[in-house]
Amino acid sequence: MRDLMVADQHQGRRSRPRGGFFWSRTPVRRAGTFWNASLLPLAAFLAIAIPARWLFPSDPASQELVGRLAPPVMFGGDWVHPLGTDGLGRDILARIASGAGLSLSVGLLAAVASAAIGITVGMLAGSLGGIVDVVATLIGELGLAIPTVAAGIVLTATLGQSLPNLLGILIFTGWISFARIIRLQCRQLVRSEFVQASYAIGADWPWVTVKHLLPNIRAIAIVLLCQQIAAVMLWEASLTYLGLGLPIERISLGGMIKDGQVQIYVAWWVSLFPGIAIALAVVGFNLAADRFQTAFDAAIR
Amino acid sequence: MRTEHHLARQGFHGSRRSFVTGLSALGGTGWLAKLPEAGAKATDQTPATMADEIVIDLAGGPDNLDPSLTRSTRDWSVLHSVYDSILLLNDEGELVPLAAESFGALDDVTYAVTLRAGLRFHDGTPVTSDAIERGIRYVQNSEGPAAANFQVVERVEIMDDLSARIVTNEPAAWLPSQLAVWFVLFPESATPESLGRHPVGSGPYRFVSLEPGNEVTLSRNPDYTWASPKGVALAETARFRFVPESTTRLADLSTGSANIIASVPNDAISAVEDAGGEVIQTPVLGSAFLRIATDAAPFDDPRVCIAINHAVDVDAITESLLGDQSRRLASIFPDERSIGFDRDLAPFAYDPERVRNLLAEAQLADGFAVRLQFAGGERDDVLQVIAAQLGAVGIDVTLESTELATFNGSWRDPESAPLRLVTWRPVFDPHTLLSLMFASTGPLSRNQDAMADDLIRQGAIEPDTASRAGLYRELGRHFQESPPAVFLWNLTATYGIKGIQGRWKPRGDEYIIPTQLKDVTT
């Protein structure tokens with residue numbers, strides 16, 4: 001982390017003349033070996049999740065009790081259900097495709113919302129300091145004291161299971177890590193010479209924020225975002241597995257693992273394949289975060 | 001006719017003036033026939049081999065041991081191992097004397113109880129007739145679900161150390177079966193606080209410790225050597241562990257760290273056998289149904305309630321998911337052991353075409369949306385099938401999983417889901433279920449049906465059991481014309497056992513009591 005912060009300061013000085021947050025020439029373009037084998041897990045997951053409804057047109061909710069627990073094609077099943085069927089005779093491949101799409105949507109939505117809140121709070125706390133910093137830090141510390149599972153139990157017991165409630169839990173617990181790290185970054189940046197110089201020549205806080213702070217936290221924000229997407233997808237699966245996440249009529253990977261748990265001795269495929277899908281997503285996004293960080297570091301060096 | 005035969009065998013229910021003796025129905029002056037006295041033939045009841053420890057994995061357990069507040073068979077498994085009542089529902093669903101040497105009706109509102117001589121509580125004090133009054137008053141003054149029904153007891157007259165009379169304020173033929181479930185004997189030293197933390201009874205096991213959320217440990221009661229119909233302790237120590245995950249319970253059985261596991265999923269039966277265990281599957285005196293809120297649209301129209309009964313293919317569910325001992329029910333009465341069971345009453349047939357016609361008659365040709373609530377931990381796979389089947393005929397179901405506390409706190413809430421999954425056991429005497437769930441004033445009811453109210457009330461105060469059975473059969477037929485529920489299937493219990501094969505058998509009420517019965521072969 002220390003290396004990354006130093007790198008950001010360097011990068012800040014380099015990128016400063018090139019302008020904005022999204023439109024500057026990013027170091028990513030110069031990363032060289034960005035698209036390599038380490039991103040295969042993420043590519044595999046996205047290949048399942050994004051074109052799900054076109055690739056697998058069969059209804060993932062369609063039940064066929066007489067054909068329940070059919071094995072995968074490589075273990076005596078047929079190509080009608082390549083990955084077999086679950087306890088209610090539903091096609092596992094179609095359900096994984098549908099569940100992966102939902103997991104990805106939840107992960108992206110919750111992570112982006114967490115990032116928006118966390119970056120805003122972190123920048124305000126880190127750049128303004130004073131009472132804003134104290135209050136933001138206090139709220140963050142209080143939030144950290146509430147475990148995600150405990151928040152899930154309370155919200156589910158009081159409001160019931162639903163997608164908005166799950167997103168609420170994930171955002172409520174997810175923004176804090178962004179805020180803490182971005183706050184530290186901003187505290188470093190506001191003490192740097194180029195920011196002080198900007199203030200000295202008359203720049204105001206909004207200008208400094210847009211021109212200096214945002215470009216310099218962009219790299220770490222992207223890395224954090226990738227990690228957060230993986231974490232959120234894992235939490236979504238975990239909470240749904242525990243019965244605290246998505247309602248049972250929503251097809252989710254965590255719910256599929258839960259559904260197959262009682263059949264694990266006789267039909268391992270019901271839980272295994274959605275488990276592999278989650279693993280692909282989590283490993284994929286974490287490797288992507290790692291690649292982003294390496295790419296940024298390499299570009300700076 | 002099967003019902004009458006069954007009732008005659010029980011003796012007590014055949015006539016208000018006959019008495020349970022555990023051996024036969026004896027009328028008139030013959031009611032004081034004696035069972036073996038306490039302490040007699042102790043060696044006959046002692047298991048040939050007494051294990052050091054027996055471990056039972058339950059699917060959950062009590063955090064509160066207060067007998068008046070418990071609601072589940074899991075709780076009662078522990079408590080009926082520690083406590084005895086005066087009566088017991090045996091494996092066949094018959095009432096037999098337990099701590100009572102005899103029990104019977106003197107008239108329509110008076111029951112005479114004589115306790116066995118020589119019984120002692122775990123604290124060493126003798127079991128005397130004042131414990132009967134103490135136990136009944138405790139339930140009456142509690143906040144538990146049985147409190148309302150026990151208000152029917154006007155007074156308990158203590159005749160001598162072992163004899164008492166229970167006087168009701170109106171005929172209540174259903175009371176003895178409630179005494180077997182909700183009422184227990186405890187010593188004078190017990191307080192509401194101690195009952196909730198450290199129960200002291202007179203049953204086959206003594207309470208040792210409770211780790212909330214984890215396990216209860218009991219030790220064998222060395223004084224419990226009399227010929228109890230409950231049997232005698234199978235081991236010196238019994239540990240009830242609370243293991244919600246079925247795969248963990250299976251792993252416990254496989255590794256030998258549990259002797260009995262409850263609620264084995266059908267799909268895991270072969271895994272139990274592969275692990276060297278034995279699977280015991282038995283029908284339970286209980287039924288599953290979706291309670292319908294008939295107090296609100298669209299279910300205030302009986303045609304909609306009938307339609308939704310025709311929309312669920314229960315046979316497909318039982319065949320695929322529940323095992324061959326489950327079958328579709330015509331009403332809430334699970335089988336012949338239940339008073340009011342009508343073998344001539346046919347269940348609703350699965351008939352999507354009839355559903356569409358009925359919905360069209362009720363101006364709901366386009367279908368409607370409805371919420372279905374269930375307590376987390378219930379089988380959500382069958383609910384998904386039900387939701388899909390209802391969806392196929394235009395009834396769009398949203399499944400709502402809720403915490404048990406939330407579920408139990410919203411029975412009469414008009415904002416709660418109109419449909420909710422209920423599993424109820426035992427239903428030997430249906431009065432409890434009917435009065436709580438289907439009478440319009442019941443604390444668990446959202447049913448508005450004057451005729452049902454009338455039949456339930458008549459059944460409650462009718463002293464003759466055969467007449468009560470007739471009233472309940474009439475109620476069952478009425479429920480087909482105006483269903484307050486989607487009648488699903490009879491409950492079954494599936495256990496995995498290891499290391500105690502041939503020495504333990506399940507009970508009809510689904511309580512797991514680690515005792516060895518006389519007629520279990522070794």
Side-chain angles (χ1 to χ4, degrees), chain A residues 59-71 84-90 95 149-150 152-163 165-166 239-252 254-272, chain B residues 244-251 253-254 263-275 313 315-322 371-389 391-392 396-407 409-410 415-417:
Chain A
D59 182 0
S62 175
Q63 300 172 2
E64 191 183 354
L65 289 178
V66 291
R68 65 190 298 266
L69 301 180
T85 60
D86 69 3
L88 300 182
R90 299 172 296 195
R95 290 179 70 74
V149 172
I153 291 171
V154 171
L155 268 180
T156 304
T158 51
L159 301 175
Q161 285 178 288
S162 70
L163 181 58
N165 289 349
L166 176 65
L239 289 171
T240 305
Y241 174 83
L242 293 171
L244 304 170
L246 293 166
I248 58 175
E249 60 265 29
R250 291 267 189 182
I251 301 167
S252 76
M256 289 181 69
I257 294 176
K258 183 187 177 190
D259 288 346
Q261 187 180 339
V262 294
Q263 292 124 1
I264 196 74
Y265 289 98
V266 292
W268 47 265
W269 54 88
V270 180
S271 288
L272 179 68
Chain B
E245 292 299 328
S246 61
T247 43
T248 310
R249 294 196 297 275
L250 277 170
L253 193 78
S254 301
S263 306
V264 176
N266 264 13
D267 289 327
I269 284 176
S270 60
V272 172
E273 292 165 346
D274 292 345
D313 187 358
D315 292 333
I317 296 172
T318 57
E319 286 168 17
S320 302
L321 302 175
L322 300 178
R371 294 176 293 141
L372 195 169
Q373 191 176 23
F374 64 102
E378 293 284 0
R379 292 194 57 165
D380 54 20
D381 55 345
V382 294
L383 289 167
Q384 291 180 70
V385 176
I386 290 172
Q389 291 174 347
D396 182 21
V397 177
T398 301
L399 296 174
E400 288 184 359
S401 171
T402 54
E403 290 295 307
L404 186 60
T406 309
F407 185 84
S410 59
E415 300 301 318
S416 64

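If you're wondering where the values come from, they're calculated on a predicted model, not measured in any experiment. So that the names make sense, note that chain A is the first sequence line, chain B the second, and so on, each numbered from 1.
- Both the backbone and the side chain of Ala251(B) come within contact range of chain A, with heavy atoms under 4.5 Å apart.
- Heavy atoms closer than 4.5 Å to chain B are found in the side chain of Arg90(A), but not in its backbone.
- Atom OG1 of Thr247(B) and atom CD1 of Ile264(A) lie 8.0 Å apart (nearest 0.5 Å).
- With rounding to the nearest 0.5 Å, the separation of CD in Gln263(A) from CG in Asn266(B) is 10.5 Å.
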Pair Val266(A), Ser270(B) - check side chain to side chain contact (heavy atoms under 4.5 Å, CB included), show working.
CA-CA 8 Å; Val266(A) 292; Ser270(B) 60; 3.2 Å; yes
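- Smallest separation of non-hydrogen atoms from Leu65(A) and Ala316(B): CD1-O, 3.9 Å.
- Taking all atoms of both residues into account, the shortest heavy-atom contact from Val262(A) to Ser246(B) is CG1-OG, 3.2 Å.
- Residue contact with chain B, scored on non-hydrogen atoms closer than 4.5 Å, involves the backbone and the side chain of Gln261(A) alike.
- Panel note: side chain Gln63(A), backbone Gln384(B); a donor-acceptor pair is recorded below 3.5 Å.
- Heavy atoms closer than 4.5 Å to chain B are found in the side chain of Leu88(A), but not in its backbone.
- Contact count against chain A (heavy-atom pairs under 4.5 Å) is highest for Val385(B) among Val385(B), Leu250(B), Val264(B), Thr402(B).
- A salt bridge links Asp267(B) to Arg68(A): at least one charged side-chain nitrogen sits closer than 4.0 Å to a carboxylate oxygen.
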